[in-house]
Structures are given as C-alpha cells and as structure tokens.
Amino acid sequence: MKNILVSGGAGFIGSAFARYMVARYPQYRIIVFDKLTYAGNLDNLLPISDEAQYRFVRGDIADRAAVKAAFQEFEIDTVVNFAAESHVDRSILSADAFLHTDTVGVYILLDEGRAHGLECFLHVSTDEVYGDVHEGYSVEGDGFAPNSPYAASKAGGELMVRAYHVTHGMNTVITRGSNTYGPYQYPEKLLPFFITEAMDDRPLPVYGDGRQIRDWLYVEDHVTGIDVALHYGKAGEAYNIAGEDLRHNIDVTHDLLGKLGKPETLIRHVPDREGHDRRYAMDASKLRALGWTRGHTFEQGLEDTVRWYADNTWWWRKIKTGEYLEYYQRQYAARLAAAEQSRP
Ligand code: NAD
Ligand code: DAU
C-alpha cells in the first residue's frame, strides 16, 4: 500500500493527477493536501469525492504542524508536490505568496518529509526555470536562468529539493513541465481565459506582438509523465515533460477563435508583460527513455478543451466573480484602455 500525499491537489494539474491516480491505482490511498487559495477548487475533485481511497485535508505546505499531522495521520510514504502560486502575472504584481509557497513551503515539506522517513518525494516544477530559450531545446543538465518572480521562486524550491537529496540522501525526483492546458484550468491562464472570454464576445488581450512561443502539453499527458517519473525515475534526477509542440501565442489565439466560430476582431494587442520570456522549448528524450509518450496533439487537445469549457459553464462562471474580477481590473483595465486608444 502506498499512501500518497498530493499537495496542491485541488488545483488544475494536481486534481487531474488525483483523479487519474484513483482510477489507475486502486491500491494506493490519495490524500489531497491543499490550502484552497483562489486557485484551489474542490469542484475539481468532485469526480472522486465519494471514492474510499481518497481523502481531502485543508492545509498550507508552509505550516509545519499541519504537514506533520497529515504525514502522521495518513502514514504518508510518498509526496507528489503540486502546491504553488503558479501565475506569472500575479507574481509581477506581488511575489510574497510565491516565496511563501514555492520556496519556503517546499523546504517545509522536504524537512518534515525527511523527519517522517518518506520513501519518495516527487516535486513538480516548470520549464520556466531554464528561462528564455532563444534557440534549441533545454535538457535537464542546463543551468537555471529564471526571469519572473514566479520562475525564481520555483527555481528556489527545486534547488532545495536537490540539496535534500545530495545532503540528506532523500529519494527525490523532479519533473519540469511545459505549458499545460485542458479541463479545470483556472481561467487566468491564456487558453481558458481566452476561451471563456471569447464565448462571451469579450476582448482578448494579447501581450505585445503575440509572437512569443510556448510549448503546449495536454494535462493528461503531463499527468502520465509524472506517473512515469514517480514509478521509474531515478533518485536525484530531473525529467522534462514537454509537449514538443511549439506555437506562437497569436496562432493559438486564431486557432481557438476558429474552433469557437468567433471573429478575430476580438483580438487586442495590449502592452507586453514585463520581463516576458520569448520562447520556451524542452527536449523530453530522457522521460521518453523511461517509457512515456505524449498522447495528444495540440489540435486534439484544443478541440477537447474548447468543448469542455462549452459544456461546463457552471464550473467557470462561478469563478469569474469577486476576487477574479478585481484581479481582472488590476491586470487588464489599463492595458485594454491603452489598446483602445491606439486603435485606428
Ligand atoms: P494551480 O494554480 O491551478 O494550483 C495550485 C494549487 O496549489 C491550488 O489548488 C492551490 O490552492 C494550492 N496551493 C497554493 N499554495 C499552497 C500552499 N501554501 N499549501 C498548500 N496548497 C497550496 O496550478 P497548476 O497549474 O495546477 O500547477 C501545479 C504545479 O505545476 C505548480 O507547481 C506549477 O508550478 C507547475 N506547473 C504548471 C504548469 C502549467 O502550465 N499550469 C506547467 C508546468 C509546471
Ligand atoms: O511554461 C510553464 C508555465 O506555463 C507554468 O510554469 C506556469 O505555471 C503557467 O502559468 C504557464 O506560464 P505562462 O506565463 O507561459 O502562461 P500564461 O497562460 O500566463 O501565458 C501564456 C502566454 O500567453 C505567455 O506568453 C503570455 C501570453 N498571455 C497570457 C495572458 C494571460 C497573453 O498574451 N495574454 C494574456 O492575457
């Protein structure tokens, strides 16, 4: 029996992982441990809420007593850590919560995990630690060059994971995922934000020229990548999980408008994100050598994602109120006004 603590498991990718693990491994117990920040949502876990092998605990990974209590109560032997502040734009507005969770929180989880005698600690990280990749593809041994406060706080967490492996001999594995999309993604990230805004015929604020490049990975493929790394990854190693499907933001925007049957006149080119990385690109050969393959093309994944948001308006309409609208005002009001002024 494995008792797996899935921290951050009420968020987008963590909840997909929890749902997948319950279906795939009936012999494991899945304990979701989540602070339920603005991005955490118990609706994401409704499909497994009645499963006997699943439990939910509300808690902060930076709260030592809460982490220790969960480890003891559920006899945790494995941690898969998704918990993070995950949105670059919010980290530009203020980085406090990012340091708290993505760096200090990771340290607390590791330290309590070590004291508790964990068998395995898998840490979910990001391609953003490599920074802007002008050409070629990042491999796992490349150096870090994080450019946003989000990426820097994730790099800090990762380095602590490395230190606990080297110094204390902990069995750690790190995964670095690329831009992930799919059902249940909080509608602040490019795809769910633009899909849901376009459905309501609202403007789509494309940062700068929209020629930035991201590598798109369907959430189910990210989750199977983590599963493979968890079961077959080597202690102390990191593994890239890449869609290896590079696209310009503006092309992605045209694609989603096409799928929704909405006009391109919704596009607004607004002032760019500060410190905006132009291109991310990773090589996933190391994970493929363990047996992982990507199951979805971008075309299929986008089709499924657009359909999911169309069929599940109950899920995102509840979110687009209160704090969400305040954030929208702070992030977009001035940008959209500037775009309006510069329109011919
Ligand atoms: P998300 O923002 O949807 O979810 C984050 C979850 O963490 C939420 O449920 C939130 O409540 C929880 N959380 C935040 N602070 C916490 C704390 N102190 N203690 C406990 N729980 C806390 O994020 P996501 O997109 O699902 O990303 C999950 C992980 O994957 C993150 O570590 C992120 O850095 C990484 N990642 C994301 C992507 C992507 O494209 N979304 C790509 C690569 C890596
Ligand atoms: O690369 C992995 C990372 O991908 C993860 O580590 C992060 O958690 C995740 O948020 C994501 O970061 P990005 O900054 O790449 O994702 P975001 O969806 O915020 O933006 C994708 C691209 O779209 C980026 O170039 C900025 C641009 N963009 C985004 C928004 C929200 C716009 O042009 N307009 C927007 O309104």
Side-chain angles (χ1 to χ4, degrees), residues 6-17 32-42 44-45 57-63 66-67 80-92 97-98 100-102 104-106 108-109 123-130 146 148 150-151 153-154 157-158 175-182 184-194 197 203-217 219 222 225-226 240-243 247-250 252-253 267-270 272-273 276-282 328 331-332 335-336:
V6 181
S7 41
F12 165 49
I13 309 170
S15 66
F17 180 76
V32 170
F33 181 92
D34 196 294
K35 188 178 176 179
L36 295 182
T37 66
Y38 77 92
N41 186 348
L42 289 178
N44 301 356
L45 294 161
V57 177
R58 186 168 192 177
D60 182 339
I61 59 164
D63 176 345
V67 169
V80 181
N81 179 42
F82 294 86
E85 288 293 330
S86 68
H87 192 35
V88 172
D89 289 327
R90 288 183 188 253
S91 81
I92 296 168
F98 289 77
H100 173 85
T101 297
D102 302 12
V104 176
V106 176
I108 301 281
L109 262 187
H123 180 64
V124 178
S125 190
T126 169
D127 60 2
E128 299 206 14
V129 296
Y130 295 119
S148 69
Y150 160 69
S153 66
K154 289 293 291 184
E158 257 212 50
T175 57
R176 298 187 186 127
S178 65
N179 272 68
T180 306
Y181 68 100
Y184 299 100
Q185 185 170 28
Y186 192 86
E188 64 187 352
K189 306 286 166 59
L190 182 77
L191 271 175
F193 176 45
F194 279 13
E197 291 291 278
L204 308 187
V206 171
Y207 295 156
D209 62 4
R211 303 286 300 162
Q212 305 85 359
I213 292 174
R214 295 293 183 269
D215 174 8
W216 294 96
L217 175 66
V219 64
H222 194 155
I226 293 169
N240 292 340
I241 311 179
R247 303 201 175 224
H248 291 106
N249 292 341
I250 192 67
V252 167
T253 306
I267 295 174
R268 300 283 185 285
H269 285 274
V270 302
D272 208 347
R273 173 186 278 177
H276 199 171
D277 286 334
R278 269 321 258 186
R279 179 176 181 270
Y280 299 138
M282 292 190 296
Y328 180 92
Q331 182 62 23
Y332 294 108
R335 281 190 159 89
L336 284 166

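When a ligand or atom number is given, it counts from 1 through the structure's own listing order. Keep in mind the model is a prediction, meaning the values are calculated, not measured. One-based numbering along the sequence shown.
- When ring centroids are compared, F12 and F82 stay outside the 6.0 Å threshold.
- When F82, Y38, Y150, W216 are checked for heavy-atom proximity to atom 33 (C) of ligand 1, Y150 turns out nearest.
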>> Is there a salt bridge (Lys or Arg N to Asp or Glu O under 4.0 Å) between D209 and R278? Walk through the geometry before answering.
In response: CA-CA 11 Å; D209 62 4; R278 269 321 258 186; 2.8 Å; yes

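- For ligand 1, the atoms lying closer than 4.0 Å to a non-hydrogen atom of T37 are 10 (C), 11 (O), 14 (C), 15 (N).
- Contacts of L36 with ligand 1, taken as heavy-atom pairs under 4.0 Å, involve the backbone alone.
- Checked against a 3.5 angstrom limit, the closest N/O atoms of D89 and ligand 2 fall outside it.
- Ring pair F193/Y332 is parallel by interplanar angle, where below 30° counts as parallel and above 60° as perpendicular.
- Protein heavy atom nearest atom 19 (N) of ligand 1, with residue, atom name and distance: I61 N, 2.9 Å.
- Look at S178 and you'll find a heavy atom under 4.0 Å from some atom of ligand 1.
- In terms of polar-atom proximity, K35 is counted as a contact of ligand 1, with an N or O under 3.5 Å from an N or O of the ligand.
- Residue contact annotation: H276 has a non-hydrogen atom under 4.0 Å from ligand 2.
- Between E85 and ligand 1, no N or O atom pair is found at a separation short of 3.5 Å.
- Of the protein's heavy atoms, K154 NZ, 2.6 Å lies nearest to atom 32 (O) of ligand 1.
- For atom 43 (C) of ligand 1, the closest heavy atom belonging to the protein is G177 O, 3.3 Å.
- At least one donor-acceptor pair closer than 3.5 Å links the side chain of D34 to the backbone N or O of L36.
- Between D60 and K35 there is a salt bridge, since at least one side-chain N of the basic residue sits less than 4.0 Å from a carboxylate O of the acidic one.
- Note on E188 versus R90: salt bridge recorded, some NZ/NE/NH1/NH2 to OD/OE distance being below 4.0 Å.
- At least one heavy atom of E188 sits closer than 4.0 Å to an atom of ligand 2.
- Remark: ligand 1 and N179 share no N or O pair separated by less than 3.5 Å (distance only, no angle test).
- Nearest to atom 44 (C) of ligand 1 among the protein's heavy atoms is S125 O, 3.1 Å.
- Distance from atom 3 (O) of ligand 1 to its nearest protein heavy atom, with residue and atom name: F12 N, 3.0 Å.
- Checked by distance only, ligand 2 and V88 stay at 3.5 Å or farther apart across all their nitrogen or oxygen atoms.
- Closest to atom 8 (C) of ligand 1 among all protein heavy atoms lies D34 OD2, 3.6 Å.
- A salt bridge is defined here as a Lys NZ or Arg NE, NH1 or NH2 lying under 4.0 Å from an Asp or Glu carboxylate O, and R273 with D89 meets this definition.
- Remark: ligand 2 atoms within the under-4.0 Å shell around heavy atoms of T126 are 2 (C), 3 (C), 5 (C), 6 (O).
- Of the candidates A83, G11, A84, G8, A84 brings a heavy atom nearest to atom 14 (C) of ligand 1.
- Between the choices I241, D60, V124, L191, the shortest heavy-atom distance to atom 30 (O) of ligand 1 belongs to V124.
- Checked by atom type and distance alone, the side chain of S15 never pairs as donor or acceptor with a backbone atom of A10 at under 3.5 Å.
- S153 is linked by a side-chain hydrogen bond (donor to acceptor under 3.5 Å, both in side chains) to D102, counting only residues two or more places apart in sequence or in another chain.
- Comparing I13, L190, T180 by heavy-atom distance to atom 37 (C) of ligand 1, the nearest is I13.
- At under 3.5 Å, a nitrogen or oxygen of S86, whether backbone or side chain, sits near a nitrogen or oxygen of ligand 1.
- The shortest N or O to N or O distance between T126 and ligand 1 is not below 3.5 Å.
- Using a non-hydrogen distance threshold of 4.0 Å, A16 does not register as a contact of ligand 1.
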